[in-house]
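One structure is given below, encoded as structure tokens.
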Amino acid sequence: MPFDVLRVRQDFPVLGREVRPGVALVYLDSTATSQKPRQVLEAMDAFYRRSNANIHRGVHTLAEEATAQYEEARARIARFIHAPSPRQIVYTRNTTEAINLVAYAWGRAFLKPGDRILLTEMEHHSNLVPWYLLAQERGLTLDFVPLTDDGHLDLEAYRQRLSDAPRLVAFTHMSNVLGTINPAREMIAQAHQAGAIVLLDGAQSVPHFPVNVQELDVDFLAFSGHKMCGPTGIGVLYGKMHLLEAMPPFLGGGDMIKAVHLGSFVPNEVPYKFEAGTPAIAEAIGLGAAVDYLEQIGMEAIAAHERELTAYALERLEEVPGLHLLGPQAGEKGGVVAFTLDGIHPHDIAQVLDHYGIAVRAGHHCAQPLHERFGIPATARASFYLYTTREEIDKLVEGIYQVKKLFG
Amino acid sequence: MDDLYREIIIEHYKNPRYRGKLEPHDIAFADSNPLCGDHIEIQLRVDPEGRITDARFDGHGCAISQASADLLLESIIGKTLDEVKQLNRQHVLDLLGIELGPVRMKCALLSLKVLKAGVYGLGSADDSLVEE
């Protein structure tokens with residue numbers, strides 16, 4: 001079936017609402033969190049109405065149903081990113097927790113003082129601060145791949161930094177500010193040649209275009225459910241099996257153990273040894289439904305829709321006097337458009353746009369080093385997803401002219 | 001639009017009366033709003049009776065943060081330090097004449113926080129200074 005944005009929009013109840021009487025919602029903040037289709041809401045609602053029980057231990061009917069649904073979702077997520085086995089899908093709260101899990105469990109076990117970690121200037125704080133904490137604790141050295149003026153990673157500098165033999169390279173697949181899609185496959189191969197393992201931050205890539213962990217040959221991939229039509233509170237760490245098996249547990253508690261005695265315990269197998277305590281069961285099931293939904297529409301179709309919207313948005317925004325766009329040109333980036341307006345603070349842009357029902361983000365978008373690199377404290381950011389229309393981009397541009405008029 | 005960006009706010013943002021430096025000054029304090037990068041520095045001149053005779057602010061940020069700083073300084077000249085210590089968030093909201101959600105409230109109250117931290121001679125500004 002051809003991609004039909006108006007039919008897609010019917011699936012998202014919130015898109016039909018008005019922000020104030022007579023002012024329709026124009027939701028351009030999907031990079032922060034996506035909206036949820038009724039298929040996801042219904043899956044979670046059905047779970048709570050019919051099958052709610054704790055998983056893995058109970059033998060009664062509801063516990064069996066809950067466990068089956070929770071594990072089926074894991075299998076669907078594995079298929080979605082082409083993981084060899086569902087056991088390589090570790091449920092976490094979000095991307096942040098997935099990265100922290102690697103820093104905590106893998107980093108503490110395998111990194112020693114003087115080891116290097118290679119990061120980039122483009123990273124979200126969630127792919128910086130866990131490594132800062134680990135570096136402080138373990139005496140590690142952190143290096144950063146710089147950005148070019150047009151918002152790409154400096155790949156020549158990347159190759160040079162790799163010659164310092166970092167143990168780990170962690171970078172984002174797609175920038176949450178610039179929209180830059182990094183050449184992950186090539187960068188991962190180069191890192192492997194240099195003897196490093198690679199963690200890829202997939203928070204912005206997995207929701208928006210096909211990601212195949214085997215083709216990428218990536219060691220760890222972290223992503224969040226709530227940015228891909230799923231609920232908040234559920235995320236994923238994918239890892240290569242030999243790495244996951246070698247890692248000690250993350251949090252301690254129930255479900256992550258095989259046996260507990262007075263004074264000792266035997267950890268459970270992968271992935272359960274990383275999933276202590278009662279997990280976000282309904283949320284995992286919701287993420288499974290989100291994956292089904294995205295697959296049914298088709299990730300290639302979603303990516304094509306966003307490419308077209310991004311090209312249109314850049315074309316329209318470039319014509320606005322005093323507006324400065326960050327990041328690469330159309331064709332080299334995903335559906336994220338960050339910009340500044342001469343003499344007007346991004347907060348004021350966002351506030352005035354909200355008056356017209358247009359939801360954009362203003363601030364440093366948890367990427368302060370990136371903003372410092374470009375010498376600006378903050379930007380306004382509009383971002384697109386499968387339900388975004390050209391008409392919404394037209395409204396954004398009209399709104400920006402209203403902002404300029406008010407502050408002009 | 002009138003509800004949030006009243007003319008008085010736009011006017012004080014575009015043409016602030018108290019923006020600048022005050023040399024010499026008796027009290028100075030600066031702080032930032034880490035969420036949005038708003039920054040305000042306030043300098044005060046105080047006479048021997050503890051009365052504020054002049055004030056200036058400098059910084060950058062959104063219209064709400066900068067206009068509220070200008071309006072706040074205008075409102076405290078001639079007041080004593082003890083009177084400034086009594087100012088609460090309602091004082092700033094009355095000056096702005098608008099209602100604000102929790103996110104923009106931080107922008108609006110940054111200048112009061114900086115002012116009170118300076119007047120109390122504190123090492124750092126704390127949100128408890130601008131509690132209701």
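Sequence lines set the chain letters: A, B, ... in the order given, protein chains first and strands last, and positions in each chain run from 1.
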Worksheet item: Quick check: are there more than 12 heavy atoms from other residues, nucleotides or ligands sitting under 6.0 Å from CZ of R93(A)?
Response: no
Worksheet item: Just how far is it from atom CD1 of I9(B) to atom CG of D348(A), taken to the nearest 0.5 Å?
Response: 9.5 Å
Response to the item:
Here the gap from I64(B) atom CD1 to Q351(A) atom CD, rounded to the nearest 0.5 Å, amounts to 6.5 Å
Contacts under 3.5 angstrom, residues 399-408 of chain A side chains, donor-acceptor by atom type, not counting sequence neighbours:
residue : atom : partner : partner atom : Å
Q402(A) : OE1  : Y356(A) : OH           : 3.4
K404(A) : NZ   : P321(A) : O            : 2.5

Worksheet item: Quick one: do R104(B) and D354(A) make a salt bridge, cutoff under 4.0 Å?
Response: no
